[in-house]
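The residues of the chain are indexed from 1 along the displayed sequence. Start at 1 and go down the list; that is how both ligands and their atoms are numbered. Bear in mind that the values here come from a model prediction, so they are computed numbers and not experimental data.
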Amino acid sequence: MLFILPFFVYSQDSKTYKIKTVVIDAGHGGKDPGAVGKNAKEKDLTLALALKTGGYIEKYIPDVKVIYTRKTDVFVELHKRAEIANKNNADLFISIHVNASNNTSAYGTDSWVMGLHKNQANLEVAKLENKVISVEENYHTQYKGMSAESEQAIIIHTLTQSANLESSATLAALVQNQFKTRVGRKDRGVNSAPFLVLWKTTMPSILIESGFISNLEEEKFLMTENGQDLMSSAIYRAFKDYKQYIESKTIFGIDTIAIQQAEKEDELLKHLEDSLNKIKEESFSDKNTITYSIQIASSKNKINLEPNNFKGLENISFYKQNGLIKYISGKELTFEDIKKQLASVKTLYPEAFIIALKNGKRINLQEAKIQTN
Ligand SMILES: [Zn+2]
């Protein structure tokens, strides 16, 4: 997926830049159902995903204020959605949608930033999302000079918003990466097209197409509680990574030139992963970081941690729970990484199991998995 970013000088100079407010926009609503599938309407799926995504952010990153453009089945005009974000000085705008195609076998997710379309297919997606304005009142004056075909206006927008565009593309790539690696969705990439809902936002903003309602299987998946949980926790984790990345680079001074010059989505992603790994390495020393280990034994009295006492296993540590000392093997930042070690530990300790720790205390494994990558 070719993705050319314009070259520009990064303008975020504040050393203490923090993401404080995010606007979550559930696409469509009220008299505008969005795309309609065999069993579901886009407006209902987007609302469920938006509320769950916002819910995760509120629960796990309580210092971030979440604003919803709608929390119920009501109609909100496209320009009002951007206005809500602008008026609240939001740091980020995330619009959640579900795609549709005449080709019922089309499936997968894509994430979009505002810009010129690269081909007709991209323009069609934007047209589909933009067409709601025909049922808005006064749309001729509200969207004056902004037609999907007005290339000049789009170029001007892209130039004035170029600093935001880099951030938008970063978030979009992180969302796609989460969908692909953690939820197993088909990755249709990061693209740009002229979406009216993104037009007037003055902060980094993306539009997510979380699957095709016109594809029976994907529609079914997006209708299930589990599917919605998986998709929205993926968006949440992408947001968390984005926040960590944006805030860290003002502290660690992470080199952004590579991102600015990245020509392909996977190059952008590679650089982001390197940066995030650097941040995560640092966070190993932070006691609030969630880590995963394999619990192998417990005792009332402290056993010396040398390998001889643990069937030769190295890297043993412990935590305390209910007056007992619990011994654990390994320490990783992701569930996937610790899982790779489980089989070999089980040959020595058949009852061994994976646990998650935060701040020296055991926490619920499912809760931990929602939060970590
Ligand atoms: Zn939509």
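Within Glu42, the N, O or S atom at minimum distance from the Zn ion (ligand 1) carries the name OE2. Summary: ND1 is the N/O/S atom of His97 found nearest to the Zn ion (ligand 1). Shortest distance from the Zn ion (ligand 1) to Glu129 is reached at OE1 (N/O/S atoms only).
Within the cation-pi definition used here (under 6.0 Å to the ring centroid, within 45° of the axis), Lys311 qualifies as a partner of Tyr349.
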Exercise for the section: Test Asn89 against Thr21 for side chain to side chain contact (heavy atoms under 4.5 Å, CB included), laying out the working first. Expected result: CA-CA 7 Å; Asn89 285 320; Thr21 307; over 6 Å; no

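For the residue pair Val345 and Ser329, the shortest heavy atom distance occurs at CG2-OG, 4.0 Å.
Of the candidates Ser293, Ser299, Ser298, Tyr327 forms a side-chain hydrogen bond (donor to acceptor under 3.5 Å, both in side chains) with just one, namely Ser299.
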